[in-house]
Amino acid sequence: AIQQATVNLFADMLIFGATLQSNLVNSTPSIDSDPPTSEVVECKITSAEDEGNAASKENDEESLVCVGIASDVESTGGSIAAVEVAIANTSTPLHGNLIWHPSHIDAVNATTAFTYAIAKSTLEADIADFPNLYAFSRAVDDSGNLQQVLAGPRPLEHIPTKRIPLDEL
């Protein structure tokens with residue numbers, strides 16, 4: 001399987017094998033050239049007691065949890081391969097200044113939900129300054145097309161700085 005995947009990857013780079021093993025077939029380049037899209041829909045502070053808050057349960061502390069949606073063009077049969085999230089203290093950061101973190105995607109489909117959680121103690125930005133924090137996302141599809149436009153920003157100004165369990169929000 002990995003050998004055929006390598007042949008397929010080379011085909012996307014317009015490199016074709018002259019002689020292949022009998023169990024491999026030459027591939028054609030992918031027709032998927034459109035990058036996917038993603039958006040952070042909501043971010044909340046959750047406590048260690050909140051159900052499903054894996055980032056907090058390990059350390060018994062609060063976490064920032066962001067959820068969103070990512071989509072790839074369905075007409076080409078594309079799927080979301082990964083989504084990354086970055087938290088910054090400005091709405092217009094330089095692309096190279098963002099620190100991207102992997103999120104959890106629910107399924108490898110053309111449209112999928114994603115979740116990102118980070119313990120407050122490990123957040124790079126000043127967690128006490130929520131009115132100035134923004135969440136960004138970017139997605140990559142199964143053909144390696146990376147979302148170039150920063151998705152977001154989603155201002156975090158509505159997030160309280162004190163611990164509030166999700167059921168009280």
Side-chain angles (χ1 to χ4, degrees), residues 1-44 46 52-55 58 63-120 122-127 132-156 159:
I2 191 70
Q3 291 172 325
Q4 185 62 55
T6 303
V7 170
N8 297 348
L9 175 65
F10 281 144
D12 283 345
M13 296 185 289
L14 302 177
I15 300 169
F16 302 96
T19 307
L20 295 176
Q21 294 176 355
S22 61
N23 62 331
L24 301 176
V25 294
N26 257 326
S27 184
T28 58
S30 171
I31 60 170
D32 184 3
S33 60
D34 296 324
T37 60
S38 66
E39 177 186 10
V40 175
V41 176
E42 180 180 36
C43 292
K44 293 182 181 179
T46 61
N53 188 358
E58 292 178 15
S63 290
L64 173 66
V65 177
C66 296
V67 295
I69 191 85
S71 300
D72 196 17
V73 179
E74 293 186 40
S75 63
T76 59
S79 298
I80 297 297
V83 179
E84 296 177 312
V85 175
I87 307 297
N89 58 5
T90 176
S91 63
T92 56
L94 296 174
H95 184 65
N97 290 348
L98 292 174
I99 299 172
W100 293 100
H101 302 278
S103 69
H104 169 76
I105 57 174
D106 291 343
V108 179
N109 295 318
T111 300
T112 189
F114 65 89
T115 305
Y116 169 71
I118 186 169
K120 282 176 62 172
T122 60
L123 191 60
E124 289 86 7
D126 182 6
I127 201 75
N132 295 319
L133 290 182
Y134 297 85
F136 297 86
S137 66
R138 68 179 181 186
V140 64
D141 67 15
D142 58 341
S143 295
N145 299 312
L146 178 64
Q147 180 179 2
Q148 294 299 316
V149 179
L150 294 176
R154 170 69 63 185
L156 304 184
I159 298 176

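Keep in mind it's a predicted model, so treat the numbers as computed, not measured. This chain uses plain numbering: 1 for the first residue, then up along the sequence.
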- Measure centre to centre between the rings of His104 and Tyr116, then say whether the value is under 6.0 Å. no
- Roughly how far, to the nearest 0.5 Å, is CZ of Arg138 from OG1 of Thr37? 15.0 Å
- Note on the structure: For Gln3 and Asn23 the tightest heavy-atom approach is OE1-ND2, 4.1 Å
- Short side-chain to backbone donor-acceptor contact, Asn26 and Gly17, under 3.5 Å: yes
- Validation row: Phe16, Pro29 side chains within 4.5 angstrom (heavy atoms): yes
- Task: Over all heavy atoms of both residues, which pair between Ile105 and Phe114 is shortest? Give the atoms and the distance, please.
- Result: CG2-CB, 4.0 Å
- Task: Output the distance between atom CD1 (Ile15) and atom OG (Ser27), rounded to the nearest 0.5 Å.
- Result: 13.0 Å
- Message: Any heavy-atom pair between the side chains of Asp141 and Asp32 that's under 4.5 Å?
- Response: yes
- Identify the two heavy atoms, one from Val83 and one from Ser137, that lie closest to each other, and give their separation to 0.1 Å. CG1-CB, 4.4 Å
- For Asp34 and Asp72, the nearest pair of non-hydrogen atoms, with its separation, is O-OD1, 3.7 Å
- For Asp12 and Ser30, work out which heavy atoms get closest and say how close. OD1-N, 2.6 Å
- Gln147 side chain to Ser38 backbone, donor-acceptor under 3.5 Å: yes
- Message: Nearest 0.5 Å, please: how far is CD1 in Ile99 from CZ in Phe136?
- Response: 13.0 Å
- Heavy-atom closest contact (Cys43 atom, Leu64 atom, distance): CB-CD1, 4.0 Å
- Is there a side chain to side chain contact (heavy atoms under 4.5 Å, CB included) between Val7 and Val25 once you walk through the steps? CA-CA 8 Å; Val7 170; Val25 294; over 6 Å; no
- Message: Checking the side chain of Asn145 only, and the main-chain atoms of Pro35 only, is there a donor and an acceptor separated by less than 3.5 Å?
- Response: no
- Any sub-3.5 Å donor-acceptor pair from Asp106's side-chain atoms to Thr112's backbone N or O? no
- Rounded distance (nearest 0.5 Å) linking atom CD of Gln4 with atom CG of Leu24: 5.5 Å
- Taking the side chain as C-beta and beyond, is there a heavy-atom pair between Cys66 and Glu42 under 4.5 Å? no
- Message: Within the structure provided, determine whether Ser63 and Ile118 are in side-chain contact (heavy-atom separation under 4.5 Å).
- Response: no
